[in-house]
S.K.: 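Submitted below is the structure of interest, expressed as structure tokens.
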Amino acid sequence: MTAHSGAPGGQDESVGTILGRMRRSRKINGSTLGAMVGMSQPKISRIEREDGGPPAPADVVAIARALEADEATIDDLRRRAEQAHDRMTEWRPAAAGLANRQRGVAEWEFSAKEIRDFQPAVLPGLVQTGSYMRATLMSFQRVVQSDGDERELSRAITARTERQEVIADTGITFRIVITEAVLRTRICPPASMIEQLSHLRELAHRPNVRFAVVPEEVPTPIPPQLGFTIFDEDMVVIETYNTGLFSRGGNVVRQYGRVFEGFEQAATTDIEPILARYEAYYVEKLTRPA
């Protein structure tokens, strides 16, 4: 594709502007282009105007290919999109409110092909039982609203439970790594923790789930400072006590990808002895409460 047909010009030109010019040069309207790439016309318009920030690199590549750009142009546009994300904002807040955040994450999960999740303190939301989930979400809710909001909490629990349906989708691969400390942290009563351990055992046998634990005695490649989730090569999400943050910056995603690989290499999928040890630990708590 040549410059006169809408290919990238100056380095300061936005990706959205370039894509818009490329589309017009091919005399394709937004609705037609949207149908070609599986996006709505409003989304095409938002991408070209860059409403809400730079477009996702994956969307940029899909549109550029549909417009028959050559590989050099596609690589240039993808690089510009990644740099724009890295430059404008490394991290952005996810949707406000526990329930809305669950719904937003669900959209990302159901559209992903591979989800990598590392957690050093609490189990990922996708593998939590009802009791564990309620205890976790209630604690977060009390951080942002001291008197609690039972309706918001109920909505969040419902939304997170609906999220868990994604694990049944065998077209999505889940690579989940936790530290052993997660199993020792008593989020809910011992009986509920035992139920949670049994649930983990069942999930680990799913063909699309790789569940691994970093044993306490194994050195970690980097301090397990925080948990994060990576969606394909497109986005990384971290949860804080009062909100969620995400980044689509290419460098950010690659950096967290390397961190995940390090923890995954230190982890074991032979989790039965570890689960059995913690089952015995919580049974003892039941019979000999502190």
Side-chain angles (χ1 to χ4, degrees), residues 105 109 112 114-140 160-161 163-170 172-231 236-239 241 256-290:
V105 173
E109 290 168 339
E114 180 182 73
I115 297 174
R116 289 170 285 173
D117 202 328
F118 170 73
Q119 298 299 331
V122 65
L123 286 167
L126 289 179
V127 303
Q128 295 176 359
T129 59
S131 298
Y132 193 103
M133 180 191 307
R134 183 176 184 80
T136 303
L137 291 175
M138 181 183 296
S139 64
F140 291 155
R160 177 166 286 187
T161 302
R163 275 180 54 198
Q164 294 181 338
E165 295 176 6
V166 73
I167 287 191
D169 187 341
T170 56
I172 305 174
T173 299
F174 299 86
R175 294 163 61 187
I176 299 171
V177 177
I178 65 170
T179 63
E180 187 175 331
V182 173
L183 303 177
R184 184 178 290 276
T185 303
R186 197 192 308 178
I187 299 295
C188 45
S192 298
M193 290 300 296
I194 294 170
E195 177 190 32
Q196 177 66 73
L197 294 171
S198 297
H199 186 54
L200 294 179
R201 183 178 288 113
E202 295 172 5
L203 287 173
H205 285 93
R206 288 183 175 272
N208 58 330
V209 175
R210 186 182 192 278
F211 190 87
V213 178
V214 182
E216 286 184 337
E217 66 273 17
V218 173
T220 56
I222 187 170
Q225 186 170 349
L226 52 83
F228 57 87
T229 308
I230 305 172
F231 297 84
V236 59
V237 176
I238 61 174
E239 293 282 340
Y241 287 114
Y256 274 78
R258 289 195 293 273
V259 173
F260 181 88
E261 296 296 331
F263 283 119
E264 189 175 53
Q265 290 175 11
T268 177
T269 56
D270 184 17
I271 62 172
E272 182 52 38
I274 300 175
L275 295 181
R277 184 162 69 248
Y278 282 94
E279 278 182 336
Y281 171 76
Y282 287 114
V283 167
E284 182 180 359
K285 294 297 179 185
L286 276 175
T287 56
R288 297 180 181 177

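The structure displayed is predicted, hence computed values, not measured ones.
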S.K.: Say whether, by atom type as modelled, one donor and one acceptor occur between the side chain of Glu114 and the main chain of Thr173 under 3.5 angstrom.
M.R.: no

S.K.: Less than 4.5 Å apart, side chain to side chain, heavy atoms only: is that true for Thr185 and Val122?
M.R.: no

S.K.: Apply the test side-chain contact (heavy atoms from CB on, under 4.5 Å) to residues Glu261 and Arg175: give CA-CA distance (whole Å), side-chain angles for both, the deciding distance (0.1 Å), then the verdict.
M.R.: CA-CA 10 Å; Glu261 296 296 331; Arg175 294 163 61 187; 3.1 Å; yes

S.K.: Let me have the donor-acceptor pairs involving side chains of residues 212-223, under 3.5 Å, with sequence neighbours excluded, atom names and distances please.
M.R.:
from	atom 1	to	atom 2	distance (Å)
Thr220	OG1	Ile222	O	3.3

S.K.: Does Arg210 pair with Glu264 as a salt bridge, N-O distance under 4.0 Å?
M.R.: yes

S.K.: Answer yes or no: does atom CD of Gln225 have more than 12 heavy-atom neighbours from other residues, nucleotides or ligands under 6.0 Å?
M.R.: no

S.K.: What residues form a ring pair (Phe, Tyr, Trp, His ring centres under 6.0 Å) with Phe263, not counting sequence neighbours?
M.R.: Phe118

S.K.: Please assess Val127 against Tyr132 for the test side-chain contact (heavy atoms from CB on, under 4.5 Å), listing each intermediate value before the final yes or no.
M.R.: CA-CA 10 Å; Val127 303; Tyr132 193 103; over 6 Å; no

S.K.: Any side-chain to backbone donor/acceptor pair from Gln128 onto Thr161? Under 3.5 Å, distance only.
M.R.: no

S.K.: Who pairs with Glu180 by side-chain hydrogen bond (donor to acceptor under 3.5 Å, both in side chains), at least two apart in sequence or on another chain?
M.R.: Arg277, Tyr278

S.K.: Just wondering, do Pro189 and Leu286 contact through their side chains at under 4.5 Å, heavy atoms?
M.R.: no

S.K.: Counting N and O atoms only, with roles assigned by atom type, does the side chain of Asp117 sit under 3.5 Å from a partner on the main chain of Phe174, one being a donor and the other an acceptor?
M.R.: no

